[in-house]
Amino acid sequence: MTGPDGPHRAPGSDGGDFRPAGGGSDLAREEEERAVEQALALVGGTTLRPSRGRDIPGTPSTPGTPRASGASGGDLSSGPSGSPGNDRRGSSGPTGNGPDQSASTDSASTDSAPVGGFPAGNGPSAGGPSGGARATAAQASGSDQRPRPGRSSSEAPAPNAEPATPKAPPLSWDRARAVATRAGRTGPPATIRLPLDRALGHVLAEPLGALTDLPSFDTSAMDGWAVAGPGPWAYEAGAGLLAGRGPDTPLPDGTAVRIATGARVPPDTTAVIRSEHAHPDEAKGLLHARRSVVTGQDIRPRGQECRSGEQLVPAGTVVTPAVLGLAAAAGYDALPAVPRPRVDILVLGDELLAAGLPHDGLIRDALGPMLGPWLRALGAEVAGPVRLGDDAGALRDALASSDADLIVTTGGTASGPVDHVHPVLDALGAELLVDGVAVRPGHPMLLARLPAPGQMKGQPEGPYLVGLPGNPLAAVSGLLTLAEPLLAGVAGRPAQDAYRALVHAEVHGHPHDTRLVPVVHRAGRAGGRDHVAPLRYNGPAMLRGIAAADGLAVVPPGGVRSGTEVEILDLPWAPATPWTEGCFT
């Protein structure tokens with residue numbers, strides 16, 4: 001657990017770090033080391049994950065906190081690879097500090113804490129009766145004298161229990177996105193038929209083939225005269241041929257008839273002469289052409305656009321207004337579509353306000369208002385956010401009763417005293433597909449699959465869950481890393497095409513992890529190439545930068561120099577106002 005001045009260390013009876021006592025026999029040292037491991041397991045200070053199917057403790061556990069190394073004399077301030085105590089990554093290093101001010105704020109605790117709130121485990125009660133930050137001397141000797149609400153004595157580890165396998169390091173950003181993409185495409189998408197007036201925004205489940213030739217008969221492309229043979233052409237006064245009406249009789253050579261745009265061209269018509277290119281001699285009843293006439297001019301022949309059975313658009317196409325128009329022209333009344341994925345949003349955190357100004361340590365919930373519209377922009381059908389606070393039982397009930405395709409939670413994904421997501425998922429028998437990603441901000445994100453109602457634990461076929469960190473930009477990182485590719489697969493959408501763009505500015509990177517940095521596209525000047533410019537306000541708790549952005553640059557470990565090409569993730573929208581250089585860049 002990381003505090004404001006560095007990692008908290010759990011004191012032993014001498015007030016120092018957990019270490020084996022010096023002197024004594026090897027057997028005595030082994031027994032003491034075993035007691036230390038047991039004590040750490042009891043207070044949540046190890047990497048031991050709760051066993052499958054265990055009831056949720058009333059007090060939070062900390063499955064991701066690095067384990068003290070009793071045999072080597074290591075302390076709680078570093079994990080298996082020297083990472084900070086509250087950093088759930090497998091390895092870490094000092095965060096790079098640059099002029100964009102973001103790398104220095106990308107710590108494990110800032111990713112997982114809500115805006116304005118304490119990092120996980122660093123609240124006012126950290127280390128207190130409910131904080132779980134410190135162990136007493138009695139606990140170090142193997143006894144747990146603290147009250148543990150909701151936990152029965154039968155849940156305590158056996159005296160000689162073997163420690164569980166340490167938590168695996170987080171996945172790289174590329175691998176995590178690949179896992180989310182595969183998870184969304186595990187089975188063929190469902191198919192429903194929707195009338196045209198309800199199909200907008202859905203994804204086609206099947207290719208759209210033409211049901212008829214387009215056009216289905218020869219039609220006039222202009223208002224003018226249909227003529228047959230060489231001119232001049234005799235004509236009769238009258239309204240002529242109108243769209244949707246007209247005889248099916250051939251047009252004799254040397255004659256002309258008025259015709260409207262879209263009207264059926266009579267058989268044997270040579271060409272259509274536009275009104276402005278024709279001179280009717282009313283006295284003689286003859287039509288003269290002001291320009292040369294080319295056979296077939298201004299006639300749309302049958303099948304010019306497509307033939308019956310020809311594929312118009314492929315499966316996976318998003319139904320836009322233009323697709324609706326094409327489908328109607330091709331003879332469709334309803335379209336085969338993929339149902340929109342249904343998403344539930346669960347907002348966690350007792351410190352969040354739904355209205356008004358922050359006060360008395362309480363902060364506004366920024367994610368509840370943001371996530372619904374963002375997920376709808378990704379093609380999902382989203383229920384209103386449900387605020388659960390820091391309540392493990394309420395979280396478990398909400399997950400167990402959801403019938404959504406995807407559940408999105410905010411906060412609680414790290415290993416702080418009220419981070420309940422991991423213990424609840426474990427108790428429900430969920431399968432963790434992604435447990436931490438080597439990306440900043442947002443590395444405590446996770447992807448899991450819950451069992452279907454009534455399904456045996458260990459056989460998850462229920463909804464997916466994407467656990468987002470509590471900080472807003474860290475949550476956006478989780479959306480684009482895990483939720484976007486997952487929803488694309490479930491909805492049958494093609495994956496976002498990766499592309500690269502020049503970045504105009506040096507962008508500092510994390511020593512080991514990928515960084516996602518808000519950027520805005522700029523047009524090249526004086527023949528220069530288009531490029532992207534990084535935005536300044538890109539800390540995990542900040543939304544000011546992403547509000548001005550139209551994409552996120554994928555910055556590899558170590559950063560990039562100005563003029564380097566970087567991968568860009570487009571946002572589902574572009575700013576309505578062209579942002580200019582100034583306070584944002």
Side-chain angles (χ1 to χ4, degrees), residues 81-84 87 89-108 110-111 169-178 437-443 445 471 473-474 476-478 480-481 484 496-571 574-575 578-585:
S81 301
S83 58
D87 191 339
R89 296 172 45 254
S91 62
S92 180
T95 306
N97 298 326
D100 57 354
Q101 303 175 351
S102 61
S104 61
T105 61
D106 266 350
S107 68
T110 55
D111 275 358
L171 294 180
S172 68
W173 181 80
D174 289 330
R175 286 192 62 196
R177 274 181 64 86
V437 179
V439 66
R440 302 301 175 109
H443 71 280
M445 68 181 73
N471 269 324
L473 189 57
V476 169
S477 175
L480 295 183
T481 301
E484 186 270 334
Q496 183 180 139
D497 291 333
Y499 71 96
R500 303 178 73 82
L502 288 177
V503 59
H504 273 207
E506 182 178 359
V507 184
H508 293 268
H510 188 272
H512 310 292
D513 297 350
T514 299
R515 282 190 67 208
L516 300 182
V517 178
V519 295
V520 63
H521 287 76
R522 305 286 192 205
R525 297 177 182 175
R529 288 179 59 183
D530 294 350
H531 61 275
V532 296
L535 301 174
R536 289 174 51 199
Y537 300 98
N538 52 32
M542 297 180 179
L543 285 175
R544 189 173 175 182
I546 196 69
D550 50 28
L552 286 172
V554 182
V555 180
V560 295
R561 296 181 179 275
S562 180
T564 304
E565 283 193 345
V566 293
E567 183 178 347
I568 301 295
L569 295 177
D570 279 334
L571 300 181
W579 300 100
T580 57
E581 303 287 341
C583 67
F584 290 101
T585 59

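Atoms considered below: every heavy atom in the structure, side chains included; atoms not considered: hydrogens, waters and symmetry mates. Numbering of residues begins at 1 and proceeds along the displayed sequence.
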Legend entry - Exercise: identify the closest heavy-atom pair between Ser562 and Ala505: OG-N, 3.1 Å

Inset, instruction - Mind listing the closest non-hydrogen atom pair of Ala501 and Ile568 along with its distance? - result: CB-CG1, 3.9 Å

Legend entry - Arg440 side chain to Gly509 backbone, donor-acceptor under 3.5 Å: no

Legend entry - pair Leu516-Leu473: side-chain heavy atoms closer than 4.5 Å: no

Legend entry - Spacing of Asn538 atom CG and Ser477 atom OG [to the nearest 0.5 Å]: 12.0 Å

Legend entry - Ile546 side chain reached by Leu552 side chain, heavy atoms, under 4.5 Å: yes

Legend entry - Val517 vs Val503 side-chain heavy atoms within contact, under 4.5 Å: no

Legend entry - CG on Asp513 to NE2 on His443, rounded to 0.5 Å: 7.5 Å

Legend entry - Atom pair CG/CZ of Leu502 and Arg522 - distance to nearest 0.5 Å: 14.5 Å

Legend entry - Inter-residue atom distance Thr564.OG1 - His531.NE2, 0.5 Å rounding: 13.5 Å

Inset, instruction - Would you name the heavy atoms of Trp173 and Val439 that are closest together and state the gap between them? - result: CD1-CG2, 3.7 Å

Inset, instruction - Find out whether Glu484 and Arg177 are in side-chain contact, i.e. whether some heavy atom of one side chain is under 4.5 Å from a heavy atom of the other. - result: yes

Inset, instruction - Give the minimum heavy-atom separation between Ala176 and Thr481, together with the two atoms involved. - result: CB-CG2, 4.3 Å

Legend entry - Atom of Leu535, atom of Ala548 and distance for their closest heavy-atom approach: CD1-C, 3.9 Å

Inset, instruction - Give a yes or no answer on whether the side chain of Asp530 reaches the backbone of His521 with a donor-acceptor pair at less than 3.5 Å. - result: no

Inset, instruction - Using atom types as modelled and distance alone, determine if a side-chain donor or acceptor of Arg500 lies under 3.5 Å from a backbone N or O of Glu565. - result: yes

Inset, instruction - Starting at OG1 of Thr514, measure out to CD of Glu567 and round the result to the nearest 0.5 Å. - result: 9.5 Å

Inset, instruction - State, to 0.1 Å, how close Ala438 and Ser172 come at their nearest heavy-atom pair, and which atoms those are. - result: CB-CA, 4.3 Å

